[in-house]
A.B. asks: 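Before anything else, here's the structure in question.
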Amino acid sequence: MVTAVLTLAVTLLIQFLAPVLAQFAFPPLVVSISKGLSYSLIFVLTALQMRSLLMSLLPNYIIKEDLKREESLEEWKRQLSGRDD
């Protein structure tokens, strides 16, 4: 949740600042560094979102797999004992 708010805040801030900063003439080195920082920021925000997504989906997957394993173990035991419940 925090990463989503952070991503939204940074995105809105950049959208606000970009037109303002575009009015000024910066040296090519500053523009190049700014582009590099922008791409790095996009990568970091994307990585944070992916981590957030995995942290929300992974526990459900683990529980589902544990439940399947328990059900198959119970079925196996039932078949070995010869009971038809």
A.B. asks: Rounded to the nearest 0.5 Å, how far does CG of Leu45 lie from CE of Met50?
C.D. replies: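 Rounded to the nearest 0.5 Å, the CE-CG separation comes to 13.5 Å.
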
A.B. asks: Rounded to the nearest 0.5 Å, what separation is found between the CG atom of Leu29 and the OG atom of Ser34?
C.D. replies: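 The CG atom of Leu29 sits 9.0 Å away from the OG atom of Ser34.
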
A.B. asks: What I'd like to find out is whether the side chain of Ile14 reaches to under 4.5 Å of the side chain of Leu41, using heavy atoms alone.
C.D. replies: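 They are in side-chain contact.
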
A.B. asks: Given side chains that start at C-beta, do those of Thr46 and Phe43 come closer than 4.5 Å, heavy atoms only?
C.D. replies: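 The answer is no, as the side chains (C-beta and beyond) never meet within the 4.5 Å cut-off.
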
A.B. asks: Do Ile62 and Leu67 land in one hydrophobic cluster if side-chain heavy atoms of ILVMFWY residues count as linked below 4.5 Å?
C.D. replies: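 They do not share one cluster, since no chain of ILVMFWY contacts under 4.5 Å joins Ile62 to Leu67.
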
A.B. asks: How close do Leu21 and Phe26 get, heavy atom to heavy atom, and via which atoms?
C.D. replies: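 For Leu21 and Phe26, the tightest heavy-atom pair comes out as O-CE1, 3.4 Å.
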
A.B. asks: Would you kindly confirm whether Leu48 and Leu54 end up in one hydrophobic cluster when ILVMFWY residues are joined by side chain heavy atoms under 4.5 Å apart?
C.D. replies: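 Unlinked, Leu48 and Leu54 end up in two clusters.
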
A.B. asks: Using the test salt bridge (charged side-chain N to carboxylate O under 4.0 Å, His left out), find all partners of Glu65 that sit at least two apart in sequence or belong to another chain.
C.D. replies: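 Once residues adjacent in sequence are excluded, the partners of Glu65 under the salt bridge (charged side-chain N to carboxylate O under 4.0 Å, His left out) criterion are Lys68.
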
A.B. asks: State the CD1-OG1 distance between Ile42 and Thr11, to the nearest 0.5 angstrom.
C.D. replies: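 Atom-to-atom, Ile42:CD1 and Thr11:OG1 are 8.5 Å apart.
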
A.B. asks: Please check this pair: side chain of Ser32 against backbone of Pro28, looking for a donor-acceptor N/O pair closer than 3.5 Å.
C.D. replies: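 Absent.
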
A.B. asks: Rounded to the nearest 0.5 Å, what separates atom OG in Ser40 from atom NZ in Lys35?
C.D. replies: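 Spacing of OG (Ser40) from NZ (Lys35) equals 14.0 Å.
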
A.B. asks: Roughly how far apart are Leu80 CG and Glu75 CD, rounded to 0.5 Å?
C.D. replies: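 Atom-to-atom, Leu80:CG and Glu75:CD are 10.0 Å apart.
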
A.B. asks: Testing the basics here: between Pro19 and Gln23, what is the closest heavy-atom pair and its distance to 0.1 Å?
C.D. replies: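 Looking at all heavy atoms of both residues, the shortest contact is O-CG, 3.5 Å.
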
